[in-house]
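What follows is a short report on a single structure.
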Amino acid sequence: MVGKRSSRDIRSESRLDVLHGLLSAGTSTRNELAQTTGLSVATVATIVQELRGEGLVVDAGSSALGAGRPTTMLRVNGDRGRILGIDVAETYVRAIVFDASLEEIGSVEVPMDESLPSASSVTETIVRAVDTALRETAIDRERVLGAGIALPGLISAEESADAVAPRWAARNVEVLRQLRERIGLPLVVENPLKAIATAELWFGRGRTAASMVIANLGTGVGAGIVLEGKILRGATHSAGEWGHAVLVLDGRTCRCGRRGCVEAYVGAPGIQVTLREIAPDHELAVVPQREFIDGLAQAHRRAGGDPVIDDVLARTAHYLGAALGDLASIIDPEVMMLTGWTAWTLGDDLVEPTRRELQRRAPIGATTPRELGVSTVRGSSVAIGMATLAFERFLGDVGLSTTRLPLAL
């Protein structure tokens with residue numbers, strides 16, 4: 001059931017809009033923020049005063065444009081505190097320290113035991129990453145406004161089955177229980193796909209798009225979905241597991257146990273399977289994943305090229321275009337963006353043929369997304385998104401936001 005928005009909720013959204021505008025612009029005047037947000041200058045001025053009261057906004061000099069009086073520039077006060085964004089992947093935990101303006105200060109990466117680690121070992125690795133990140137950036141815990149942690153699989157405070165990330169299904173509830181006791185900071189926990197969508201909404205193409213799909217391509221595959229400016233979470237917070245939609249009936253076996261999933265064709269291991277199907281003895285057929293994707297890009301761009309690699313990319317674009325086309329038919333987004341290390345490495349080598357495939361497969365009379373490209377949010381978009389969610393939680397804790405977060409501990 002969706003409740004009615006109260007005047008408090010509307011005020012909360014206006015504050016987020018102003019902060020969003022300031023974070024996007026770096027510095028801005030009240031008039032510029034009014035133009036960006038669509039709010040009145042008077043409303044912006046009132047919100048700025050509220051944000052000043054919490055030490056979140058400070059002056060950033062003055063602008064002397066035109067013949068009138070100099071106008072005060074504003075910025076988010078990065079020194080208000082520190083925020084942690086934590087990306088828990090299957091092979092590592094990356095903890096990044098941000099200031100309150102969400103500028104990165106420092107980061108650490110701690111290896112994760114890949115052989116079915118226990119809940120205790122996962123928690124221990126997260127705690128070690130957090131402690132190391134704070135120590136290396138010389139940050140006292142008292143200065144940390146909050147931390148956001150992205151865990152693979154379904155995010156719920158209750159036990160649930162999870163066919164999407166089966167290795168994590170039974171552990172997440174126990175990990176959450178242990179984190180409450182061990183971290184000692186205000187926490188927000190979310191699925192990586194929702195974190196990526198959050199990062200794109202605040203710092204990427206999503207700032208100006210009401211509907212968007214952000215497809216993450218790496219070892220695994222998934223999609224963050226934004227409709228009417230809001231992240232789609234679904235009844236069980238599992239929306240976006242597009243990587244496990246069926247692309248080829250009775251096709252390749254996916255690591256989730258099903259057959260023919262999107263991930264089995266456009267995840268990095270799946271692209272390597274395509275290469276082995278075409279040329280089993282190719283030099284890139286058995287190298288590690290990241291070396292494989294790097295080698296794919298280099299071989300494709302090399303003078304003279306490699307017909308086998310050309311074929312691999314053509315088939316991958318065929319699979320990706322078909323899978324994105326299904327999403328586009330259902331959601332009708334303005335924008336589709338690719339993110340993740342596979343997308344960043346392959347870039348236009350993958351985007352251009354995928355765009356052609358999208359257009360070719362569109363039903364007669366149907367529209368394709370207005371834009372398909374590679375996300376400009378680089379680095380760890382998962383950690384950036386989680387830091388942003390932790391920032392939103394802090395705003396709620398000090399009474400500036402009524403945003404309901406998926407799981408706040």
- Hey, does the side chain of Gln359 reach the backbone of Arg356 with a donor-acceptor pair shorter than 3.5 angstrom? no
Q | Any side-chain heavy-atom pair of Gln272 and Val286 under 4.5 Å | A | no
Problem set entry | Whether Ser14 side chain and Ile10 backbone form a donor-acceptor pair below 3.5 Å | yes
Backbone of Gly204 reached by a side-chain donor or acceptor of Arg207 within 3.5 Å: yes
- Item | Donor-acceptor contact below 3.5 Å, side chain Trp242 vs main chain Ala323 | yes
Are there over 12 heavy-atom neighbours, none belonging to Glu181, within less than 6.0 Å of that residue's CD? yes
*asked:* Let's go through Arg80 and Leu145 carefully: what are the C-alpha distance in whole Å and the side-chain angles of both, what is the deciding distance for side-chain contact (heavy atoms from CB on, under 4.5 Å) to 0.1 Å, and is it a yes or a no?
replied: CA-CA 9 Å; Arg80 176 61 176 81; Leu145 305 179; 3.8 Å; yes
* Ignoring hydrogens and angles, tell me if any N or O in the side chain of Asp140 forms a donor-acceptor pair with the backbone of Glu142 under 3.5 Å. => no
Taking C-beta and beyond as the side chain, do Val308 and Asp311 meet within less than 4.5 Å on heavy atoms?
no
Smallest heavy-atom separation, Phe391 atom then Leu56 atom, equals CE1-CD2, 3.9 Å
When every non-hydrogen atom of Leu22 is compared with those of Val76, the smallest separation belongs to CB-CG2, 3.8 Å
**OP:** With side-chain contact (heavy atoms from CB on, under 4.5 Å) as the test, would you mind laying out the steps for Val44 and Thr37 before giving the verdict?
**Re:** CA-CA 9 Å; Val44 169; Thr37 62; 4.2 Å; yes
- Task: Could you please spell out the steps behind the side-chain contact (heavy atoms from CB on, under 4.5 Å) verdict for Thr354 and Glu357?
- Result: CA-CA 5 Å; Thr354 300; Glu357 186 68 20; 5.5 Å; no
Practice task
With Arg290 as the cation and Trp341 as the aromatic partner, state whether NZ or CZ is under 6.0 Å from the six-membered ring centre and within 45° of the axis.
Solution key: yes
Open item on the list: Treating Asn77 as the side-chain partner and Gly55 as the backbone partner, does any N or O pair qualify as donor plus acceptor under 3.5 Å?
Closed with: yes
When rounded to the nearest 0.5 Å, the distance separating CG of Leu320 from CZ of Arg355 is 11.5 Å
Main-chain N/O of Ala210 paired with Glu334 side-chain donor or acceptor, under 3.5 Å
yes
Go through Trp202 and Leu23 one step at a time and tell me if the side-chain contact (heavy atoms from CB on, under 4.5 Å) criterion holds. CA-CA 8 Å; Trp202 279 74; Leu23 288 170; 3.4 Å; yes
Quiz item: Do Leu284 and Glu291 have side-chain heavy atoms sitting under 4.5 Å apart?
Solution: no
Q. Does the distance from a Lys or Arg side-chain N to an Asp or Glu carboxylate O, for Glu277 and Arg252, drop under 4.0 Å?
A. yes
Glu200 side-chain N/O to Arg205 backbone N/O, donor-acceptor pair under 3.5 Å = yes
So side-chain hydrogen bond (donor to acceptor under 3.5 Å, both in side chains) across residues 122-136, not counting sequence neighbours, yields Thr123-Gln178, Glu124-Arg182, Asp131-Arg141
| query | Do the charged groups of Arg302 and Asp306 touch, with an N to O distance under 4.0 Å? | reply | no
Practice prompt. Spell out, as yes or no, whether a donor-acceptor pair under 3.5 Å connects the side chain of Arg259 to the backbone of Gly251.
Written response: yes
Short question: side chain of Lys194, backbone of Gly385 - any donor-acceptor pair under 3.5 Å? no
